[in-house]
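These figures come from a predicted structure and were not determined experimentally. Position 1 is the first residue of the sequence; numbering continues from there.
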Amino acid sequence: HVKVNQIREVHPDALLTLTNLQELDFESNRLQVIPPQISCLRSLGKLYLSRNALRELPTSFGDLPLLEELYLNDNNLTSIDVVTGLHRLR
């Protein structure tokens, strides 16, 4: 968990080697962008992005086949269309 740390940016390369990560908690930070490399997290089942400053989600977000739980509340999102292909979401 890296929540409540005032994180403003996730370096794209930081996600490339985390292919077996099942849960990621970036809640209550200052993220404005999620890099498209999020799609490398093929085993991700839970993603917490609440209480950030996100304006949009990358289109590669739809490439998370095991994602079941996604928390996006309290952001600045205008659309979440990219999650429509995530059939495991509850």
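- Two residues are said to be in side-chain contact when any heavy atoms from C-beta on lie closer than 4.5 Å; Leu57 and Leu72 meet this criterion.
- Atom CD1 of Ile34 is separated from atom CZ of Phe61 by 7.0 Å, given to the nearest 0.5 angstrom.
- In this structure, CZ on Arg51 lies 10.0 Å from CG on Asn75, to the nearest 0.5 angstrom.
- Ser50 and Asn73 share a side-chain donor-acceptor pair at under 3.5 Å.
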**OP:** Check the pair Arg42 / Asp63 against side chain to side chain contact (heavy atoms under 4.5 Å, CB included), numbers first and verdict last.
**Re:** CA-CA 8 Å; Arg42 307 291 290 170; Asp63 297 330; 3.7 Å; yes
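- Counting heavy atoms from C-beta outward, Leu15 and Pro35 have side chains that approach closer than 4.5 Å.
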Report all side-chain donor-acceptor pairs from residues 80-90 shorter than 3.5 Å, counting only partners two or more places apart or in another chain.
from: Asp81; atom 1: OD1; to: Ser79; atom 2: OG; distance (Å): 3.4
from: Asp81; atom 1: OD2; to: Ser79; atom 2: OG; distance (Å): 3.2
from: Thr84; atom 1: OG1; to: Asp81; atom 2: O; distance (Å): 2.9
from: His87; atom 1: NE2; to: Gly85; atom 2: O; distance (Å): 3.4
from: Arg90; atom 1: NH2; to: Glu68; atom 2: OE1; distance (Å): 2.7

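- Side-chain contact between Leu49 and Tyr71 is absent, with no heavy-atom pair separated by less than 4.5 Å.
- Residues Leu47 and Glu69 form no side-chain contact, since every pair of their non-hydrogen atoms from C-beta on lies 4.5 Å or further apart.
- For Thr19 (side chain) and Leu41 (main-chain N/O), no donor-acceptor pair under 3.5 Å exists by modelled atom type.
- Note that CG of Leu67 is 8.5 Å distant from CD1 of Ile38, once rounded to the nearest 0.5 Å.
- Considering all non-hydrogen atoms of both residues, Ser60 and Pro36 come closest at OG-O, 2.6 Å.
- Taking the side chain to side chain donor-acceptor pair (under 3.5 Å) definition, one finds that Gln22 meets it with nothing, sequence neighbours left out.
- Remark: the backbone N or O of Ile7 is paired with a side-chain donor or acceptor of Asn29 at under 3.5 angstrom.
- In terms of modelled atom types and a separation under 3.5 Å, the side chain of Asn52 and the main chain of Phe26 share a donor-acceptor contact.
- From Ser39, atom OG reaches atom CG of Leu44 across 11.0 Å, with rounding to the nearest 0.5 Å.
- A distance-only check finds a donor-acceptor pair linking the side chain of Asp25 to the backbone of Glu27 [under 3.5 Å].
- Once rounded to the nearest 0.5 Å, the distance linking OG of Ser43 with CG of Leu21 reads 8.5 Å.
- Environment of CD in Glu56: sparse, with no more than 12 heavy atoms of neighbouring residues, nucleotides or ligands closer than 6.0 Å.
- Annotation: side chain of Leu31 is in contact with side chain of Leu54 (closest heavy-atom distance under 4.5 Å).
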